[in-house]
Number of protein chains: 2
Amino acid sequence: MMERKVDLRQWLSGADNEFLPHISLDCVVFGFHDGALKILLLKMQNLDQLALPGGFMMREETLEEAAIRTLEERTGLENIFLQQFHVFSDPARNDSATRLEDLKKLGMHPAKLEWFAQRFISVGFYALVEFSRVRPKPDVLSESCDWYSLEERGKLVLDHDQILDTALATLRMQLNHQPVGYNLLPRKFTMPELQKLYETILDKKLDRRNFQRKMLSYGILNVLDEKRTGGAYKAPYLYSFHLRNYQKALRQGLEAGA
Amino acid sequence: MMERKVDLRQWLSGADNEFLPHISLDCVVFGFHDGALKILLLKMQNLDQLALPGGFMMREETLEEAAIRTLEERTGLENIFLQQFHVFSDPARNDSATRLEDLKKLGMHPAKLEWFAQRFISVGFYALVEFSRVRPKPDVLSESCDWYSLEERGKLVLDHDQILDTALATLRMQLNHQPVGYNLLPRKFTMPELQKLYETILDKKLDRRNFQRKMLSYGILNVLDEKRTGGAYKAPYLYSFHLRNYQKALRQGLEAGA
DNA sequence: CCAAAAGTGTTGTTTTTACACCCATGA
DNA sequence: TCATGGGTGTAAAAACAACACTTTTGG
């Protein structure tokens with residue numbers, strides 16, 4: 001996968017392409033920082049609204065490969081594990097009145113405009129990434145590629161608000177069945193940090209002790225001999241994920257792993 | 001929705017159409033009969049393998065509408081609630097060597113052959129239907145439309161085995177979170193019948209008393225005053241679903257309903 | 001020595017599981 | 001009257017929820 005990359009500028013100016021019509025994908029990338037859940041959004045040049053990083057599928061790749069490629073092209077994030085969660089197929093989802101105007105502002109070739117005016121279905125993907133390990137870089141079409149908290153994001157283009165909401169709902173549901181954190185935390189982390197992550201995603205407080213017991217019972221954590229020194233107050237232990245067990249739990253669900 | 005129907009024979013013979021390219025959908029329809037889970041499969045004319053009822057999306061409908069329409073066109077089943085569960089997008093999924101040969105046997109127009117030779121992604125839908133309330137009718141392309149048990153089905157066309165397996169896995173997962181049975185059982189049914197349904201889907205035995213307690217605790221059942229007479233042995237009570245609560249549980253999950 | 005965060009263990013409650021007895025019915 | 005399936009309750013086990021005290025650290 002990822003044999004080819006797409007020169008977006010050239011493509012927009014009218015160059016032919018290998019994209020399949022009618023099918024797009026959008027990526028909801030969750031990051032965690034400062035105790036808040038953030039999402040990665042693009043600000044397209046000359047446009048007001050923000051957008052999820054999305055793109056189109058090429059003839060010789062799977063949707064999953066297309067999502068990985070697209071995310072890299074549009075945000076610079078490499079090799080992110082993305083999970084499909086829903087197909088959005090309302091015919092009205094991308095025929096907003098302002099849309100063609102917006103695309104013109106991007107300097108799009110008229111032939112491409114027509115292509116874009118088609119009706120698209122979009123497959124939603126979501127990913128969890130470690131905030132600090134990643135340096136988002138906007139593509140040539142975008143002014144910026146940055147993290148936004150859920151509250152401050154404003155209205156997104158098209159139906160991207162709905163896609164985002166559905167992704168979040170899916171993430172919350174899966175939190176009880178799949179291990180979460182490997183992609184959202186530094187390699188070494190403390191239990192309170194992990195707990196904060198859960199509390200942020202679920203938007204509710206959890207009991208410290210019960211949380212710790214439950215996490216340890218899954219058998220997906222290594223207790224390290226170090227502690228996080230330097231911070232104020234008592235130094236917490238550091239943990240890392242037990243990769244083998246973590247991935248087994250990803251495949252089989254958390255219950256099976258005990 | 002369902003404003004238009006598609007004349008499949010005319011379409012295959014070369015008539016233009018309103019289908020979007022590159023996107024198809026396949027329906028996994030589960031029925032329950034004789035204590036076994038069955039699936040609805042089509043036997044296409046002159047072909048050996050069986051296939052899931054599937055089709056294509058038109059320009060002015062959602063995928064969900066397309067799934068409902070397709071299922072009706074191909075099997076005669078009307079107004080079935082279908083749930084999307086996964087997108088299958090391996091580029092190799094429909095370029096099997098024998099595929100074009102098969103399509104020729106169906107009397108397909110050469111122009112259509114080319115269209116079919118394209119690469120398609122397919123959105124999988126599944127549905128649960130009450131076996132006895134439904135009278136499958138094959139479409140003009142198919143010799144038969146019938147119920148098969150999971151074991152006796154043989155190898156299906158293309159990647160339909162994988163689609164079926166994924167649907168079953170999804171159904172099993174959702175069994176703990178969503179109410180099941182309204183579409184699979186007669187309007188009045190006994191607790192042992194409902195239990196048998198669960199046991200069949202999960203492929204394991206459940207405890208009679210615990211099952212009953214749990215089901216009743218969800219508050220989605222009405223106990224009727226009648227019993228199922230005529231059968232051998234002690235007459236069991238009849239139940240029906242409490243529609244309001246059932247649908248609330250469908251939307252919000254079973255946990256919220258207690 | 002105080003405030004704030006982190007470590008740890010216990011207890012009561014709820015949920016789940018396992019299990020046994022009686023009843024109705026047709027053969 | 002007996003074999004079979006259906007109705008019901010209870011007790012043990014497990015999971016979960018609530019909760020308090022001690023330790024470390026920087027100020």
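Side chains are part of it too, since the values below use all heavy atoms of this structure and drop only hydrogens, waters and symmetry mates. In the text below, chain A, chain B and the rest are named by the order of the sequence lines, each starting its count at 1.
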Given the side-chain rings of Y246(A) and Y218(A), with only the six-membered ring counted for Trp, is the space between their centroids under 6.0 Å?
->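 For Y246(A) and Y218(A), the ring centres are not under 6.0 Å apart.
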Selected nucleotide, minimal atom distance to P236(A) side chain, candidates dG26(D), dA6(C), dC21(C) |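 So the nucleotide nearest the side chain must be dA6(C).
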Take K227(A) and Y233(A), find for each the nucleotide of DNA chain C with the closest heavy atom, and name the residue whose nucleotide sits nearer the 5' end.
->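 By nearest-heavy-atom nucleotide position, the 5'-most residue is Y233(A).
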Given atom [atom1] of [X] and atom [atom2] of [N], what is their separation to the nearest angstrom?
X: F211(B); N: dT8(D); atom1: CZ; atom2: P; value: 15 Å
X: Y239(B); N: dG6(D); atom1: OH; atom2: C1'; value: 10 Å
X: R228(A); N: dA6(C); atom1: CZ; atom2: C1'; value: 13 Å
X: L224(B); N: dG6(D); atom1: CG; atom2: C1'; value: 16 Å
X: Y237(A); N: dT24(D); atom1: OH; atom2: P; value: 9 Å
X: E226(A); N: dA6(C); atom1: CD; atom2: C1'; value: 17 Å
X: L194(B); N: dG7(D); atom1: CG; atom2: P; value: 12 Å
X: K196(A); N: dA5(C); atom1: NZ; atom2: P; value: 11 Å

K234(A) or K234(B), whichever maps to the more 5' nucleotide of DNA chain D =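 Per heavy-atom nearest nucleotide, the more 5' residue is K234(B).
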What orientation do H177(B) and H177(A) show, parallel under 30°, tilted 30 to 60°, or perpendicular over 60°?
->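 The arrangement is perpendicular - the two ring planes meet at more than 60°.
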Please work out which of the three classes, parallel, tilted or perpendicular, describes the rings of Y198(B) and F211(B), given edges at 30° and 60°.
->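 Ring orientation, 0 to 90° scale: perpendicular.
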Could you encode protein contacts along nucleotides 10-18 of chain C as a string, one character per nucleotide from 5' to 3', using B for base contact, S for sugar-phosphate-only contact and - for no contact, with a heavy-atom cut-off of under 4.0 Å?
-> B-----SBB
Out of R208(B), Q212(B), M215(B), which one pairs with Q195(B) under the side-chain contact (heavy atoms from CB on, under 4.5 Å) rule?
->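 Answer to the side-chain contact (heavy atoms from CB on, under 4.5 Å) test with Q195(B) among R208(B), Q212(B), M215(B): R208(B).
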Identify whether the distance between the nearest side-chain nitrogen and carboxylate oxygen of K43(A) and D146(A) falls below 4.0 Å.
->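 Answer for the salt bridge query: no.
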Ionic contact status for R69(A) with E73(A), cut-off 4.0 Å |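 Yes, charged N to carboxylate O under 4.0 Å.
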In Å and rounded to the nearest 0.5 Å, what is the CD to OG1 distance from E64(A) to T62(A)?
->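 So the gap between those two atoms works out to 5.0 Å.
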